[in-house]
Each structure stands twice: as C-alpha cells, then as structure tokens.
Trainee: 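The structure is given below, and queries will be raised subsequently.
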Amino acid sequence: MKISTPLKTLFTLGVALSLSFSANAHRAWVLPSSTSLSGEAPWVTFDAAVSNSLFVFEHVPLRMKGLMAQDPTGKLVEVANAHTGKYRSTFDLNLVTEGTYKVGYAMGGLRASWKDSEGKRKRWPARGKTANAADFAKEVPKDADSLKVSDSYRRIETYVTAGEPSNKVFEPTNKGLELVPETHPNDLFAGETAKFQFLFHGEAVAGVKLAIVKGGTRYRNDQKQIDVVTDAKGYANITWPEAGMYLIEAEYKDNKATAPATIRTGSYSATFAVFPE
Amino acid sequence: MNRNVFLKAVLLAVFCSATAFSSISSAENNLSVEVELPRLDVAEYHKPYVALWLEDSNRKATQIALWYDLDMKEDEGKKWLKDIRQWWRRIGRKAEQPFDGLTSATKGPGKHVIAIDLSAKHLQGLPAGEYKLRIEASREVGGKEVVNIPLVLPVNASDYPLQAQGSSELGAVEVKLN
C-alpha cells in the first residue's frame with residue numbers, strides 16, 4: 001500500500017506534543033504573521049505555543065518535532081529558521097508556490113490509562129513514547145483498575161495563502177477530526193458567515209462542539225467565546241462579529257470505537273484571521 | 001493604379017474611419033473619474049496604493065486602474081498589494097500583475113483623472129445592469145478606505161455627474177461623462 005508521506009508522519013509522531021496535550025486546560029496554537037500574501041515567493045513567520053491567554057507566550061512552546069508544512073500541491077515542505085525558546089517556537093516558511101499552505105501538527109491512535117496495584121495512574125503510550133498498536137496487548141493490563149482505552153486524535157493547524165486560495169491541503173486524510181471548508185479559512189471577513197464541515201475518520205459528524213475565541217484575551221475581561229455545534233451533516237456556521245485573529249477549538253467524542261478502545265475522540269484547533277469589511 | 005482597386009481602397013478607408021469614429025466618439029462610452037487624494041498632516045507619509053474597479057451585483061469585478069510602487073527593486077512593491085484588501089479579494093489575488101495598460105505608479109496628494117473607455121476590450125462585454133465603481137486606497141503606515149459609487153450600464157447621461165466623498169484616505173470622487 002502506498003502511504004503518503006504526510007500520513008506516515010502523522011502516525012509516527014505524537015511524542016513532542018504529549019507534554020502540552022496532557023495539560024488540557026491550555027490552548028495550543030500556531031500563529032502566522034500573515035495569512036494572505038502577495039508578491040513573489042513571500043515569507044511568513046510563525047509562533048507555536050501553548051497558553052491560557054490568546055495569543056500570548058506565557059506557558060510552554062509547542063515543540064518543532066512533528067510540525068508539518070504542506071504546500072498547495074500537498075507536498076511536505078521544510079520550514080526555515082526554527083527555534084524553540086522558553087515560551088514559544090518560531091519558524092519561517094517561504095511560500096514559493098501560489099495557493100494555500102497548511103502548517104501544524106496531527107497525531108493520534110490508541111491510548112490507554114489505568115491505575116496500577118498501588119493506585120498510581122498509568123498511561124499508554126508512556127509520555128514521550130509512540131503508540132504501537134501491536135504492543136497494546138502486552139503493555140496494557142487487560143483487567144487493570146479504571147482502565148480506559150480510547151482511539152484519540154488531535155490536530156493543531158493554520159493556513160496561509162500566497163495569491164489565490166486553493167483547496168488541495170483540505171483534502172481529508174480520513175484520520176481524526178478534520179475541517180472541510182465551504183468557506184476558505186483565508187477568506188474570512190467580519191460580518192460574514194463562514195461555513196465549515198467537520199469529519200471524523202472521514203465521516204461527517206453531528207455534535208462537534210466548537211469554541212471560538214478572538215485573540216487579545218489578556219486585555220479584556222469577557223472571553224466573548226462563541227459556541228457552535230455541528231448539525232446533522234457536520235456543518236458549522238460561524239458569523240464573525242469583528243475582525244481579528246481567532247482560535248477555533250473543536251471537540252468530538254463517540255462510543256463507536258472498535259475493541260480494545262471503547263471511545264473515539266477527536267480534537268481540532270486552528271488559527272484563523274478575519275479581516276475588516 | 002487600377003481604378004477599381006483605388007475605389008475599393010477609398011471605400012475601405014471611409015468604412016474604417018466611420019467604424020472607428022462611432023466607437024471613439026460615443027459619449028456614453030467615455031467616463032472620467034476624478035479621484036482626490038487628500039493632503040495629510042502626518043510625520044511619515046507614503047503615497048497610497050489605489051485600485052479602481054467595477055463590481056456587479058454578484059461581486060464579479062473588472063479592473064479599471066491600479067497604482068502601486070512600481071519602482072522598487074525586484075518589484076518588491078507587489079508585496080503590499082494584499083493591503084488593498086477588498087481589491088485583493090475581488091481581483092488582485094486572482095490575476096497576474098501588472099494589468100496591461102491599467103497599472104501605474106503611485107500618486108501624491110491632489111486630483112487625478114482616470115479615463116474609462118467602456119468600449120475598451122476588457123469592458124465592452126460587460127452586461128447591462130447595476131454596478132458599483134469601487135475606489136480603494138491603502139497607505140503604508142496609514143489607513144485604508146473604500147469609496148463606492150453605484151452606476152448603471154449602459155450609462156444613462158442624465159445620471160451624471162456622480163459624486164462621492166471619502167472621509168480619510170480619499171477625498172472627493174467624481175464620475176463625469178465626456
């Protein structure tokens with residue numbers, strides 16, 4: 001079977017982010033310096049971090065390991081000038097091809113947690129380790145106390161466009177929770193309504209919960225969170241109240257997992273710029 | 001010279017000039033737009049990037065003019081075209097710049113006249129209907145403004161002149177029938 005490079009990467013990572021992902025109250029994001037660009041082969045610089053306030057570097061960086069950048073043809077491309085500091089990672093991307101690039105992280109697979117004989121919480125795969133389904137039976141005790149097994153996926157994305165927006169990078173991989181745009185994420189304007197469809201493992205899913213928050217939370221008291229739930233066909237409509245950089249966080253969960261998992265979960269987050277009218 | 005050939009040549013010449021005459025002199029096909037760029041009392045002034053285009057009720061857009069910084073090395077001025085934001089969304093990002101014959105250098109404060117020949121190749125096919133003439137200015141280290149002037153095609157002489165007033169980056173805009 002021919003597995004595309006992005007997919008391979010998807011299934012072999014998961015290490016670097018486990019730190020940030022276990023700290024679930026925080027928000028993880030990749031913030032581009034621009035989302036819509038003109039001129040010959042423009043550059044974009046990105047910050048990647050985990051924080052409470054948006055978009056503030058205050059907690060931990062998202063690590064460079066596992067970061068993927070896909071060009072408008074779907075090919076994986078290298079980022080430049082990567083650096084990980086105390087609170088954020090930064091890197092640059094040269095948009096040499098016209099169209100839309102996808103930048104971010106994707107990971108997932110089988111996960112388990114339980115309590116050992118001393119009542120200590122255990123996890124599989126262990127922090128910093130990659131899940132290998134073949135090892136599940138020998139590494140996870142079948143009748144452990146409070147055993148929870150899930151099929152869990154996570155994505156953190158952003159999109160940037162040189163010239164005219166394109167859609168190749170939105171072709172679903174059918175793994176985890178994914179956004180399929182009806183409205184292009186690099187074509188959002190205040191006062192307009194954007195429509196997105198959410199797929200889990202390639203199927204449109206109802207009941208995906210979206211929390212949408214505009215950046216600059218440090219300087220206001222009300223988070224002004226917008227809550228949206230996908231309809232029966234997996235669609236979510238978002239009307240942008242004002243221009244700014246937004247973080248969209250989406251969560252999905254069901255009990256249609258195949259053994260040994262009992263639940264399936266998917267999370268998706270993305271940074272979207274909304275322009276004034 | 002053979003007399004028949006001569007006559008044919010004369011007839012052809014007359015025919016051609018008549019055709020040319022009808023397309024050039026028709027007043028309904030010639031608009032002039034006077035755009036005022038205000039003089040701004042700011043510490044750092046850069047001449048604005050300006051775009052003019054016609055937009056139909058389905059937001060289909062047709063380029064009229066584009067003023068941007070043509071003189072930068074390696075055409076670096078294109079980097080900021082995205083900041084003429086509405087234009088970039090409707091036209092700029094879809095096309096290759098420069099638009100032949102429609103692009104020129106940025107202009108300073110004062111009144112500037114743009115001639116629109118509606119019989120020009122890229123405009124003559126525009127269907128009858130309601131349009132907006134949109135003028136957008138975007139200034140480096142400054143603001144952005146869009147002024148819209150509704151108009152109908154084919155033009156109706158009694159509608160003219162059309163006027164609109166910008167409030168920050170654009171001054172008075174007037175469309176006249178020539």
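So that the names make sense, note that chain A is the first sequence line, chain B the second, and so on, each numbered from 1.
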Trainee: To the nearest 0.5 Å, tell me how far B:L81 CG sits from A:L37 CG.
Mentor: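 If I round to the nearest 0.5 Å, the distance is 11.5 Å.
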Trainee: Other residues, nucleotides and ligands only: do more than 12 of their heavy atoms fall within 6.0 Å of NZ on B:K60?
Mentor: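 No, because the 6.0 Å sphere around NZ of B:K60 holds 12 heavy atoms or fewer from other groups.
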Trainee: If you tally heavy-atom pairs under 4.5 Å against chain A, which of B:K144, B:E74, B:K79 wins?
Mentor: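 Max contact count across the listed options: B:K79.
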Trainee: Sequence neighbours left out, what passes ring-ring contact (aromatic ring centres under 6.0 Å, His included) with A:Y252? Give chain and number order.
Mentor: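 So A:Y252 forms a ring-ring contact (aromatic ring centres under 6.0 Å, His included) with A:F200.
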Trainee: What residue, out of A:S34, A:P42, A:A162, A:G163, has the most heavy-atom pairs lying under 4.5 Å from chain B?
Mentor: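 The residue among A:S34, A:P42, A:A162, A:G163 with the greatest pair count is A:G163.
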Trainee: Locate the shortest heavy-atom distance separating A:S38 from B:K82; write the atom from each residue and the value.
Mentor: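 That would be OG-N, 3.1 Å.
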Trainee: Would you say CD of A:E40 has more than 12 non-hydrogen atoms from neighbouring residues, nucleotides or ligands within 6.0 angstrom?
Mentor: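 12 or below, so no.
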Trainee: Which one of B:R85, B:R89, B:K94, B:R90 satisfies the salt bridge (Lys or Arg N to Asp or Glu O under 4.0 Å) criterion with A:D187?
Mentor: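 It is B:R89, the one option of B:R85, B:R89, B:K94, B:R90 that forms the salt bridge (Lys or Arg N to Asp or Glu O under 4.0 Å) with A:D187.
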Trainee: For B:Q165, is the CD atom crowded, meaning more than 12 foreign heavy atoms sit under 6.0 Å from it?
Mentor: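 Yes - once you tally the heavy atoms of other residues, nucleotides and ligands closer than 6.0 Å, there are more than 12.
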Trainee: To the nearest 0.5 Å, what is the distance between CD (B:Q86) and CZ (A:F275)?
Mentor: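 B:Q86 atom CD to A:F275 atom CZ measures 10.5 Å (nearest 0.5 Å).
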Trainee: Hey, can you pull the donor-acceptor pairs under 3.5 Å for the side chains in residues 145-154 of chain B, sequence neighbours left out?
Mentor:
{"residue": "B:E145", "atom": "OE1", "partner": "B:S167", "partner atom": "N", "Å": "3.2"}
{"residue": "B:E145", "atom": "OE1", "partner": "B:S168", "partner atom": "N", "Å": "2.8"}
{"residue": "B:E145", "atom": "OE1", "partner": "B:S168", "partner atom": "OG", "Å": "3.2"}
{"residue": "B:E145", "atom": "OE1", "partner": "B:E169", "partner atom": "N", "Å": "2.9"}
{"residue": "B:E145", "atom": "OE1", "partner": "B:L170", "partner atom": "N", "Å": "3.0"}
{"residue": "B:E145", "atom": "OE2", "partner": "B:S167", "partner atom": "N", "Å": "2.6"}
{"residue": "B:E145", "atom": "OE2", "partner": "B:S167", "partner atom": "OG", "Å": "3.0"}
{"residue": "B:N148", "atom": "OD1", "partner": "B:R134", "partner atom": "NE", "Å": "2.7"}

